[in-house]
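Only this structure's heavy atoms are used, side chains among them; waters, hydrogens and symmetry mates stay out. Everything numeric in this text was worked out from a predicted model, so none of it was measured. In the text below, chain A, chain B and the rest are named by the order of the sequence lines, each starting its count at 1.
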There are 2 protein chains.
Amino acid sequence: MPPSADKRRAILDGALGTFARDGYTRASIDAISAAAGVSTRTIYNHFADKSHLFATVIEESAGRVADAQLDLLDRHLRKVTDLEADLVAFALAWLRSTTGFEDHFLLVRQVNAEARHIPPAAIDAWQENGPRRVQRVLGERLTELAERGLLRVPDPRRAAVHFMMLISAHNPSFRADRVPDSELDDLAAAGVHAFLYGYHPGNPPVG
Amino acid sequence: MPPSADKRRAILDGALGTFARDGYTRASIDAISAAAGVSTRTIYNHFADKSHLFATVIEESAGRVADAQLDLLDRHLRKVTDLEADLVAFALAWLRSTTGFEDHFLLVRQVNAEARHIPPAAIDAWQENGPRRVQRVLGERLTELAERGLLRVPDPRRAAVHFMMLISAHNPSFRADRVPDSELDDLAAAGVHAFLYGYHPGNPPVG
DNA sequence: CAAGTAGTACAACGAGCGTTGTAGTTTCGG
DNA sequence: CCGAAACTACAACGCTCGTTGTACTACTTG
């Protein structure tokens, strides 16, 4: 009888929510086991200790989020016909998708806060398995658009980061405060507009 | 003999560093008192409890950082002659100034992670006393530039946020990894260029 | 059906923490 | 120089937590 994959899944799900909401230190093994519907002992049968559980949770969750985002990239930026409209549609889909992964992005903020207390290897596994993968592919799509003459992209990775920051620019210092649904369209449209034309008065050229 | 202002300052300084590095939960009163060179009892003579101490630390620190940033705004964006060069100089000064406030920005990440466990009033006091003040003034400066015909700024607050995000766009998901000094110039220059001209191939207009 | 193992409930441990009380010491204004 | 009160050192309290051991139950597989 091998350790059950179902229990493992339940533990990871419960741990994600608990770590995300309470942070590493505050999240007790008891609380995680309760959230997972599992005994504390079972957690220790699946994971060596709390820190290994945490590292597994963040890497696994980042992988799933990155998969979803890569899917969005594929669906929106493979065939672009109306540059600005398609970028806005993509930005909106991107923003809306974050609603389904709230615990994950909460957890990312926990990682940012706890960085000093997390082994660099775990940080790197998370970054590589998640954000960096997405940034690379977004950079590739932007490069394709540049090759079609629709953009000017001297540094794909930087352009990808600029794009992501602009479309999610709500409150730079406090990511926890939510964007009201009614402002999502504005946020995406303004972000894409700034990404394309900046704030120089000559732009957009034909405006 | 009123409670000593020196001791209060020492407590706030020690608490800032300890909270910033270890987070609210992990930072023990013993560790804070040791960092401050003060007995634990003195902390409780100055502050009601740990949570009030934390709220005071973040608000106070945010105020000092905001003052420094407002100073930079005054020095760089009052008289602009060469738009792009002056913005790059401002961006660089801004980025360099963060080096002197590392503990503060660490603390901000802790607040982002702990948001659910901090009273909304404390969050608001921090936001108002710090980031929002700076965003408003940056918005005003950008508006002045727009009135001189140097920019097109439909929404000052949004433009301010876009500017700040673009010039500090290093790793969106992991703010803890430092920008090497050698890349600061590139970061500022690329951020300002994107802010002015975006990624549309027609820009910059005169090339 | 029989056996072995995953899972559970529960108790126990040692350690750390926030907070308070107390008694002694330092410091500073009058 | 004296007295009030700010400060310190220290012990104690009640609580929580990570982790482990143990004895019992449930399930799956041969």
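Atom P of nucleotide D/dC27 and atom CG of A/Asp6 are separated by 13 Å, given to the nearest angstrom. A straight line from CG of B/Asn45 to P of D/dA9 spans 14 Å, rounded to a whole angstrom. Rounded to a whole Å, the NZ atom of A/Lys7 is 14 Å from the C1' atom of D/dT28. The nearest whole Å value for the distance from the CZ atom in B/Phe47 to the P atom in C/dG18 is 15 Å. Across the protein-nucleic acid pair, B/Ile32 atom CD1 and C/dG18 atom P stand 7 Å apart, rounded to whole Å. Following rounding to the nearest Å, B/Tyr44 (OH) and C/dT22 (P) show an atom-to-atom distance of 17 Å. Between A/Asp49 atom CG and D/dC17 atom C1' the separation is 14 Å, expressed in whole Å. One atom, CD1 of A/Ile43, and another, C1' of D/dT20, lie 14 Å apart when rounded to the nearest Å.
In terms of modelled atom types and a separation under 3.5 Å, the side chain of B/Lys7 and the main chain of B/Ala36 share no donor-acceptor contact.
A/Arg78 has no carboxylate O lying under 4.0 Å from a charged side-chain N of A/Asp86, or vice versa, which leaves the two without a salt bridge. Salt-bridge annotation for A/Arg136 and A/Glu140: absent, with no side-chain N of the basic residue lying under 4.0 Å from a carboxylate O of the acidic one. We find that B/Glu183 and B/Arg178 are not joined by a salt bridge, their nearest charged nitrogen and carboxylate oxygen being 4.0 Å or further apart.
Of the residues in residues 13-29 of chain A, not one places a heavy atom less than 4.0 Å from an atom of DNA chain C.
When the side-chain nitrogen and oxygen atoms of A/His46 are compared with OP1 and OP2 of C/dG7, one or more of them lie within a distance under 4.0 Å. A close approach under 4.0 Å does occur between a side-chain nitrogen or oxygen of A/Thr42 and OP1 or OP2 of C/dT8.
Closest approach to the A/Arg41 side chain among C/dC17, C/dA9, D/dC17 is made by C/dA9 (side chain taken as heavy atoms from C-beta onward). Set against D/dT8, C/dT8, C/dG18, the side chain of B/Val38 has D/dT8 as its closest nucleotide. Between C/dT8, D/dT19, D/dC7, one nucleotide has an atom nearer to the side chain of B/Pro3 than all others, and that is D/dC7. Considering only side-chain atoms of A/Ser4, the nucleotide from C/dG7, D/dT20, D/dC7 that sits closest is C/dG7. The side chain of A/Lys50 lies closest to D/dG18 when the candidates are D/dT8, D/dG18, C/dA9.
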Notebook entry, point to check: After noting the C-alpha distance and the side-chain angles of A/Gln127 and B/Asn171, does the key distance pass the side chain to side chain donor-acceptor pair (under 3.5 Å) rule?
Noted result: CA-CA 10 Å; A/Gln127 283 278 303; B/Asn171 187 338; 2.9 Å; yes

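Between A/Phe47 and A/His52, a ring centre-to-centre spacing not shorter than 6.0 Å is recorded.
Note that CG of B/Leu92 is 8.5 Å distant from NE2 of B/His76, once rounded to the nearest 0.5 Å.
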